[in-house]
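What follows is a set of notes on a single structure, which appears directly below.
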Amino acid sequence: MIGAHDGKRLIGALEAGGTKMICAIGSEDGTILERYSVPTRSPEETMPEILGWFLEHKPAALGIASFGPVDPDPASESYGHITTTPKPGWADYDLLGTIKKVLPVPMGFDTDVNGSLLGEVSYGGSRGLNDVVYITVGTGIGGGVMSGGKLLHGMLHPELGHMLMRPHPSDSYAGKCPFHGQCLEGLASGPAIEERWGLPGEKLSDRPEVWELEAYYLGQAIVNLILCLSPKRIILGGGVMHQTQLFPLIRREVSTKLNGYIRTKELSDPDSYIVAASLKDDQGILGCIKLALNAMSFQS
Ligand code: ZN
């Protein structure tokens, strides 16, 4: 039987990242049964391997959460395309359409960060919350937004990582972003840390000034998000956030910058307001499973 395992439906997940593509098969309860990782080379090299793996595993539905920018609007002609990425070969690439041609099953599609957010609110520590911001801090910085239980898209989708920042008075670093210089990603992503300090973040754990400055920027961004979106929780994931000493620094920075202007029960408990991703870097894959389940229920 197609897409079945011990009588249960098998759900496919594709977390399409700029460095690697993670394919997985799981069950509806969020158990990941098998996974397979493919380095992201050109589409011609990468896609046949991914398609072959899914054809062999025969999922009943597939959820895709992709690096971007992407077009997440089902009414648009370029729905499911990766749009303006500088990554060679992937600009204007029809990711969803290419997979649909060979795997005709219900498919859900969204940004990588919306996928991770969906994983956390469906299977993780933020289950049941409807107003959440998820930020990943790694090679790049991106953010997903859920408002009133719906993933926010709008004209395209939020690009939280490129919000413009007020630089720290003592920081002379010009910023890493080729578009904006000193946007959040330009100042606080993993590559920005490495270029500013001359070493990758994981080799700077014992340098408090590195993390004070990192918290200054992430805290500033979170304050902007609190003021614009009024989320009930902020979840932080990605490789840089494995530096757990950042969390108390960020919470302090947020409190200092808000300066008592907003008083809510959520903000009165900073440890449960600004939290680490809870799913051990599986939040993206689990979000894909939820995207697939949503696509199935939409089509049935
Ligand atoms: Zn930027």
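Just follow the structure's listing: the first ligand is 1, and inside any ligand the first atom is 1.
- A single hydrophobic cluster is seen to contain both Ile11 and Ile22, as judged by linkage of ILVMFWY side chains at heavy-atom distances under 4.5 Å, directly or through other members.
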Side chains of residues 223-231: which donor-acceptor pairs under 3.5 Å do they make with residues two or more places apart or in other chains?
none

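- Of the possible donor and acceptor atoms, none in the side chain of Glu15 sits under 3.5 Å from a partner among the backbone N and O of Cys288.
- Here Thr84 pairs with nothing under the side-chain hydrogen bond (donor to acceptor under 3.5 Å, both in side chains) rule; sequence neighbours left out.
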Could you list the donor-acceptor pairs under 3.5 angstrom formed between side-chain atoms of residues 174-182 and any protein atom two or more places apart in sequence or on another chain?
unit_1: Lys176; atom_1: NZ; unit_2: Glu195; atom_2: OE2; d: 3.1
unit_1: His180; atom_1: ND1; unit_2: His162; atom_2: ND1; d: 3.3
unit_1: Gln182; atom_1: NE2; unit_2: Tyr173; atom_2: O; d: 2.9

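- For the Zn ion (ligand 1), protein N/O/S neighbours under 2.8 Å (waters excluded) are His162 ND1, Cys177 SG, His180 ND1, Cys183 SG.
- Checking Val70, Asp73, Asp110 one by one against His157, the side-chain contact (heavy atoms from CB on, under 4.5 Å) holds for a single residue, Val70.
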